[in-house]
Amino acid sequence: MRYISTRGRAPARDFADVLLAGLAEDGGLFVPESWPHFAPADWRAMRGLPYHALAARVMQPFIGDSIPFETLRKICEDAYAGFGHPAVAPLIQLDTHLFTQELFHGPTLAFKDMAMQVLGRLFDYVLTQRDTSVTIVGATSGDTGSAAIEACAGRERVDIVILHPHERTSLVQRRQMTTVHAPNVGNIALEGTFDDCQDMVKALFADAPFRNEVRLSAVNSINWARIAAQIPYYVAAALALGAPDREVAFSVPTGNFGNILAAWAARRMGLPVARLIVGSNRNDILYRFLDKNDMSMVPVEPSLSPSMDIQVSSNFERLLFELMDRDPVALAETMRVFRETGRMPVSDAIWHRARGVLHGFRLDDAGTEAAIRQLHAETGYLADPHTIIGIAAARAHAPGQGVPTVTAATAHPAKFPDAMERATGLRPALPLRMADLFEREERFDVMPNDIAAVQAKVRALVGRNRD
Ligand SMILES: *Cc1c(COP(=O)(O)O)cnc(C)c1O
């Protein structure tokens, strides 16, 4: 399988290249040159497989010759072995046609583990083949950093340094990063905001000598491998509910559009998905687009669902590329205008195509809290402030006619104990395997917002592990 850039000015690459590169050189996003397709008989043959075997089967066409199938199967087996539920991504029924799929049984209790646990192992495999190593640097305000650290801790070919804003993350989120004690993991608490952390990471990547010296790399949400590793759970849910002989719908609480794009990809590969429902919080750029073709940037406002607090949904570019019949020139021009003016010019024809499959929904903080309370009163189920937006969206936009609608449950409610307590009076407990999170020793360096200091810290970590 080869990959091309959405903006058409980068050479085609194979999966291993795309995994290591992240973004294409022309600023575009990598997409498969052609979409793999499974026939109904292929889907039926996957029914009843253990999750890891199904995941390997669904990902295989995207990986092509880069990794032998048996190796991929073992990587998936190993990646999901530590999950806290034997089914890995279990379905929970909330109503006759309403389900959640719990994607939060991984080590950091959020759905990002579903892809990240595979990614860390894919990196190790590909870097071993090439006899090289990388240093992953990233900024986090919450879930991504901890999932990346858990995925990379102890890997031989990867060092990882994550910057978080000092005293500005939740305690659970910070401790999930700082209590991982592996020699290849570094945590920097930067004196500044999340934006300062992001600017620092950008500055590190912009410093070419430093970038080459430590071989900087990233695992952010535009990495195609993350999308590929998120497609299998949609397949697993649909098969369990009767696909390919019955349609399903998916509702996804959305930020960077990575998770819902994976659902779209499953549909593109032949899974019978009747509808995709996009849930947003007050940062509602996607809702505004779907509602009235208004894709315009406004400043981010904090909400009860911080992992959906985004200004721009970067993975939307991949969908737009498809909606524009894969015209890279038109796509590049659209993105240029968006960057320059803050408003994306989408023709009515393309907008109608988007609305043919996607339905938008938005819920503010008051609505989020009320919906958590109401669902709990009705069913006893505790949905975290992200998941509940997906559930409310599913209730508002389910296709009806007996089509089951599955909401991606993206985080464990114990990650957001304060919001849960305010809504329901209950403080959900951490799963047993994590119950000692608040007793574990933390390791992190508080550093000034100064690039030389951060570079010295990264060099020290890399030097320790590579000499
Ligand atoms: C990252 C995240 C999201 C948003 O996912 P995208 O792929 O960015 O759309 C939603 N909920 C939780 C809990 C997350 O961590």
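Counting convention: from 1, in listed order, for ligands and their atoms alike. Hydrogens, waters and symmetry mates are skipped; everything else that's a heavy atom, side chains included, is used. All figures in this text were calculated on a predicted structure; none of them were measured in a lab. We count residues from 1, following the sequence as given.
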Close N/O pairs between ligand 1 and protein, under 3.5 Å:
from	atom 1	to	atom 2	distance (Å)
ligand 1	7 (O)	Gly258	N	3.3
ligand 1	7 (O)	Asn259	N	2.9
ligand 1	8 (O)	Asn256	N	2.7
ligand 1	9 (O)	Gly255	N	2.8
ligand 1	9 (O)	Asn256	N	3.3
ligand 1	9 (O)	Phe257	N	3.1
ligand 1	11 (N)	Thr410	OG1	2.9
ligand 1	15 (O)	Lys112	NZ	2.5
ligand 1	15 (O)	Asp143	OD2	2.7
ligand 1	15 (O)	Ser307	OG	3.4

Please walk me through it: do Ile4 and Arg326 pass side-chain contact (heavy atoms from CB on, under 4.5 Å)? CA-CA 10 Å; Ile4 55 172; Arg326 301 194 142 212; 3.9 Å; yes
Indicate whether any N or O donor in one side chain lies under 3.5 Å from an N or O acceptor in the other, for Thr6 and Glu317. yes
Would you call the rings of His397 and His359 parallel, tilted or perpendicular if under 30° counts as parallel and over 60° as perpendicular? tilted
Can you give each donor-acceptor pair under 3.5 Å made by side-chain atoms of residues 337-344, sequence neighbours left out, with the distance rounded to 0.1 Å?
from	atom 1	to	atom 2	distance (Å)
Glu340	OE1	Arg336	NH1	2.9
Glu340	OE2	Arg336	NH1	3.2
Thr341	OG1	Val337	O	2.7
Thr341	OG1	Arg343	N	3.1
Thr341	OG1	Arg343	O	3.1
Arg343	NH2	Asn293	O	3.2

Would Asn283 and Asp309 count as having a side-chain donor-acceptor pair, cut-off 3.5 Å? yes
Judged by modelled atom types alone, do Arg226 and Asn223 share a side-chain donor-acceptor pair under 3.5 Å? no
